[in-house]
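Encoded as structure tokens, the structure appears first; notes follow it.
Note that the structure is a prediction, hence the values are computed from the model and not measured.
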Amino acid sequence: MGYVFLLLATLSWSFVGVLVKIASSMVDSSTITFLRFALGVVFLGIFLLIRSGKLPVRFDLKWIWIGAAGKGCNYFFENLGLSIGYSYGNILVVPIQTIVLLLISILWFKERLTPRGWTAAALCIAGVLCISWNGRPLSGLFGDSASFITLLFIISAVGSAFHVLGQKMLTSRMDSGEMNLSMFVLSSVFMAAPLPFQFEMTGEPAIGPIAALLALGLITGLSFYWFSQALRLVSFPIAIIVSNTSVLFGILWSWVIRHDPITVYLIAGALVFAIGMVILNWPARQPAVRSSAKGVAPTGT
């Protein structure tokens, strides 16, 4: 059953880019962000009601607020980047998030990184640079729209890193369902604030975009639970390797469903940072860092 949960989480994360692109044909990116959280709260709330008969929500811990703000930032800039760029663009978020978490562990928690950790970080950076470059002339690399979209995903990744940090800080104090529900409720409130000023119908209501929004809500609400359940039943190295294939699946769906152009630079960069993620998370007798950056598991979208 652990592999079923792992496959569900991996495949759901891989479809996010395509689903956001489909949804953006009907509503603006801010509305998509709000609905991802609001529908996620609905789906996760229904699940928790069935599981325990209650909705455990609390707002009395600062890391709930930090995690919620981080996740809101993550989704807002990710959806904006996906709406104006290609549907595979969010594959940059996880490796950049990993680099940010490593920097936090070094600068904030004063951790020391081993050569294996530095190697993994270098591979993540190399993969991100390869995808960002994508064979474009170096003379215009920093002045075109693709560079701006990359910046959006960098900001998204920083937000995602603080969401992961909030989760790490609360793991020993809260159940994962309670923690995610609390954060998603707050994120929904944060993302509802700009709606009166930014709401825009970008197209006519249609079954495809509506189904995409519902699927995004389901992924937001349940994918983290699926992955946490998988970790209880599947070895950590296997979970990391399989979950990182969401990057490759994401590229595949972008090509098959959206017909986005796929280049050798994109595939090479994705493989390089996926290898870096596996190296970083692979168990060792002497962990690369202690609790704050140890096992930087993928968090999906």
Side-chain angles (χ1 to χ4, degrees), residues 1-13 15-16 19 23 30-76 78-79 159-195 210-234 236 239 243 246 291-292 295 297-301:
M1 193 62 184
Y3 288 99
V4 174
F5 284 124
L6 183 59
L7 185 61
L8 283 171
T10 300
L11 288 178
S12 65
W13 293 335
F15 278 106
V16 165
L19 292 172
S30 296
T31 304
I32 295 172
T33 303
F34 167 72
L35 290 175
R36 286 181 73 176
F37 285 122
L39 293 173
V41 168
V42 171
F43 284 116
L44 182 57
I46 291 173
F47 171 77
L48 293 177
L49 278 174
I50 295 174
R51 189 188 70 174
S52 60
K54 57 182 179 180
L55 292 175
V57 179
R58 54 187 298 188
F59 308 118
D60 58 331
L61 299 172
K62 70 175 182 179
W63 283 106
I64 294 176
W65 291 78
I66 293 174
K71 198 60 180 174
C73 175
N74 170 212
Y75 275 11
F76 179 83
E78 178 185 62
N79 292 337
S160 180
F162 276 92
H163 173 244
V164 173
L165 185 61
Q167 288 182 313
K168 288 179 180 293
M169 293 297 188
L170 295 170
T171 297
S172 61
R173 306 178 65 177
M174 300 178 70
D175 169 76
S176 60
E178 177 187 14
M179 176 171 56
N180 283 314
L181 184 64
S182 300
M183 287 186 181
F184 293 160
V185 168
L186 279 178
S187 296
S188 298
V189 174
F190 294 156
M191 293 299 104
L195 284 185
I210 292 173
L213 288 170
L214 290 173
L216 286 167
L218 181 66
I219 291 169
T220 298
L222 297 182
S223 63
F224 298 99
Y225 174 79
W226 290 334
F227 189 71
S228 64
Q229 289 298 105
L231 288 178
R232 298 174 187 270
L233 303 170
V234 178
F236 190 69
S243 61
S246 65
S291 59
S292 58
T299 58
T301 54

Ser188 versus Val41, closest heavy-atom pair with distance: OG-CG2, 3.9 Å
Side-chain touch Tyr225/Asn180, heavy atoms, less than 4.5 angstrom: no
Side-chain heavy atoms of Phe5 within contact of Val234, under 4.5 Å: no
Gly221 to Leu44 - nearest heavy-atom pair and separation: O-CD1, 3.2 Å
Within-4.5 Å side-chain heavy-atom neighbours: His163 and Asn74: no
Interatomic distance, Ile32 atom CD1 to Glu78 atom CD [nearest 0.5 angstrom]: 10.5 Å
Any residue meeting ring pair (Phe, Tyr, Trp, His ring centres under 6.0 Å) with Phe162, in chain and number order, not counting sequence neighbours: none
Side chain to side chain contact (heavy atoms under 4.5 Å, CB included) assessment of Val16 paired with Arg36: CA-CA 11 Å; Val16 165; Arg36 286 181 73 176; 3.6 Å; yes
CG on Leu39 to CD1 on Ile219, rounded to 0.5 Å: 11.5 Å
Test item: Trp63 side-chain N/O and Gln167 main-chain N/O as donor-acceptor pair under 3.5 Å: no
Rounded distance [0.5 Å steps], CZ in Arg51 versus CG in Leu49: 10.5 Å
Arg58, CZ atom: more than 12 neighbouring heavy atoms under 6.0 Å: yes
CZ on Phe227 to CG on Leu222, rounded to 0.5 Å: 15.5 Å
Full working for side chain to side chain contact (heavy atoms under 4.5 Å, CB included) between Met169 and Ile66: CA-CA 10 Å; Met169 293 297 188; Ile66 293 174; over 6 Å; no
Any Met174 side-chain heavy atom under 4.5 Å of Ser182 side chain: yes
Candidate pair Trp226 and Leu7, rule side chain to side chain contact (heavy atoms under 4.5 Å, CB included), full reasoning: CA-CA 9 Å; Trp226 290 334; Leu7 185 61; over 6 Å; no
Separation between CG of Leu214 and CZ of Phe43, rounded to the nearest 0.5 Å: 5.5 Å
Smallest separation among heavy atoms of Leu19 and Ala212, with atom names: O-CB, 3.5 Å
All ring pair (Phe, Tyr, Trp, His ring centres under 6.0 Å) counterparts of Phe190, not counting sequence neighbours: none
Min side-chain heavy-atom separation Leu216-Leu35 under 4.5 Å: no
Set of side chain to side chain contact (heavy atoms under 4.5 Å, CB included) partners for Ser187, sequence neighbours left out: Phe37, Ala68, Lys71
From Ile46 atom CD1 to Ile50 atom CD1, the distance as rounded to the nearest 0.5 Å: 7.0 Å
